[in-house]
Amino acid sequence: MRILVVEDDAELAAQMEQALVRAGFSVDVEADGDAASFAGSTEQYDAAVLDLGLPQRDGLTVLRDWREAGCQWPVLILTARNRWSDKVAGFGAGADDYLTKPFMLDEVVLRLRAMLRRTAGSAATVLRAGRLEYDVTAGRFSQEGLSLQLTAQEHKILAYLMHHPNRVLTRTEISEHVYARDLDPDSNTIDVLIGRIRRKLRQSDLLVTERGQGFRLNAPS
């Protein structure tokens, strides 16, 4: 899952990026409102963490720009502004959650995972597909009660598939949501990673290839 972090405090932005990458996310960082507005309107993200006090263009204006451009992914506002009127303005502009500074980095991770779960249409904290389970809160996969050992990129791909079950996902879509902006994988990288995931799952009918289209994770209700 790919996250856009918008924060003009370089040290705090670096800390958030490191925490989110450790949690299994791909992360892009912007430090001013103009760049953030452009990135959010032109790139593919699953969620954003947005500061309000930004140079060039304030965070509320950036959020309105995103919503006017048709961006539907959830946004967590992260700011020192803690007045009730600020929160009303943030939610009114299209925010999905609001967290005031100071904060714990782990809480940012938990709130992002909760927003992503709700966006995928699930109230459950554990997503299931066959014998495969994904604990969204902990960010862990298991199969028949045993932990599933995955590389970082395998984890990102499988997490994205679990959040979008029973849908055919193209290679381009998967790549855009699991790689940060400065990474450009080879054309067959997704196929190789999907093949490795499929072998680890040991469920031949769980992750299928739709020839000429992409991949689908089967998750019977």
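Given the structure is predicted, the values throughout are model-derived calculations rather than measurements.
For Asp34, the salt bridge (charged side-chain N to carboxylate O under 4.0 Å, His left out) criterion is met by Arg57, not counting sequence neighbours. Contacts of Thr100 classified as side-chain hydrogen bond (donor to acceptor under 3.5 Å, both in side chains), with partners at least two apart in sequence or in another chain: none. By the side chain to side chain contact (heavy atoms under 4.5 Å, CB included) test, Ala138 is found to be paired with Asp135, Arg140, residues two or more places apart in sequence or in another chain being considered. Among residues two or more places apart in sequence or in another chain, the ring-ring contact (aromatic ring centres under 6.0 Å, His included) test is passed with His155 by Tyr134, Phe141. The side chain to side chain contact (heavy atoms under 4.5 Å, CB included) test applied to Pro74 returns Ala47, Asp96, Met115, Thr119, not counting sequence neighbours. Residues meeting the side-chain hydrogen bond (donor to acceptor under 3.5 Å, both in side chains) test with Gln213, sequence neighbours left out: none. By the side-chain hydrogen bond (donor to acceptor under 3.5 Å, both in side chains) test, Glu173 pairs with Tyr160, Arg167, sequence neighbours left out. With sequence neighbours left out, Arg111 forms a side-chain hydrogen bond (donor to acceptor under 3.5 Å, both in side chains) with Asp97, Glu107. A search for side chain to side chain contact (heavy atoms under 4.5 Å, CB included) contacts involving Glu154 returns Leu150, Thr151, Leu193, Arg196, Ile197, Lys200, not counting sequence neighbours.
Under the 3.5 Å distance criterion, the side-chain polar atoms of Glu30 are left unmatched by any main-chain donor or acceptor of Val5. A donor-acceptor pair is defined here as one N or O able to donate and one able to accept, closer than 3.5 Å; such a pair exists between the side chain of Asp32 and the backbone of Ala35. Remark: side-chain polar atoms of Arg2 are not paired, donor with acceptor, to backbone N or O of Val27 under 3.5 angstrom.
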Can you give the donor-acceptor pairs under 3.5 Å from side chains of residues 80-94 to other protein atoms, not counting sequence neighbours?
residue	atom	partner	partner atom	Å
Arg83	NE	Asp86	OD2	3.1
Arg83	NH2	Asp86	OD1	3.3

Kindly list each side-chain donor-acceptor pair under 3.5 angstrom involving residues 15-26, sequence neighbours excluded, with atom names and distances?
residue	atom	partner	partner atom	Å
Ser26	OG	Lys156	NZ	3.2
Ser26	OG	Val178	O	2.4

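The shortest non-hydrogen separation linking Ser142 to Gly145 is CB-C, 4.5 Å. Listed here is the closest heavy atom pair of Ala48 and Trp73: CB-CZ3, 3.5 Å. Ala219 and Asn166 get closest at one heavy-atom pair: N-OD1, 2.8 Å. For His163 against Ala159, the heavy-atom pair with the smallest separation is ND1-O, 2.9 Å. Nearest heavy-atom pair, Cys71 versus Ser41, reported as atom, atom and distance to 0.1 Å: SG-CA, 4.2 Å. Of all non-hydrogen atoms in Val62 and Ala36, the two that sit nearest each other are CG1-CB, 4.1 Å.
By the 4.5 Å heavy-atom criterion applied to side chains, Phe215 and Val168 are not counted as neighbours. At a threshold of 4.5 Å between non-hydrogen side-chain atoms, the residues Val136 and Leu127 count as touching. Counting heavy atoms from C-beta outward, Phe38 and Asp65 have side chains that stay 4.5 Å or more apart. Side-chain atoms of Arg113 and Thr137, non-hydrogen and from C-beta on, never get closer than 4.5 Å to each other. Side-chain contact between Leu54 and Asp58: absent, with no pair of heavy atoms (C-beta onward) separated by less than 4.5 Å. Looking at His177 and Met1, their side chains never come closer than 4.5 Å, going by heavy atoms from C-beta outward. Residues Val6 and Leu78 are not in side-chain contact: their nearest non-hydrogen atoms beyond the backbone lie 4.5 Å or more apart. Contact annotation: the side chain of Val29 never approaches that of Leu4 to less than 4.5 Å [non-hydrogen atoms, C-beta and beyond].
Residue Leu63 holds its CG atom at 8.5 Å from CG of Leu52, rounded to the nearest 0.5 Å. Ile157 CD1 to Leu217 CG: the interatomic distance, rounded to the nearest 0.5 Å, is 12.5 Å.
Legend: salt bridge (charged side-chain N to carboxylate O under 4.0 Å, His left out) pairs involving residues 3-13, not counting sequence neighbours, sorted by first then second residue: Glu7-Lys101.
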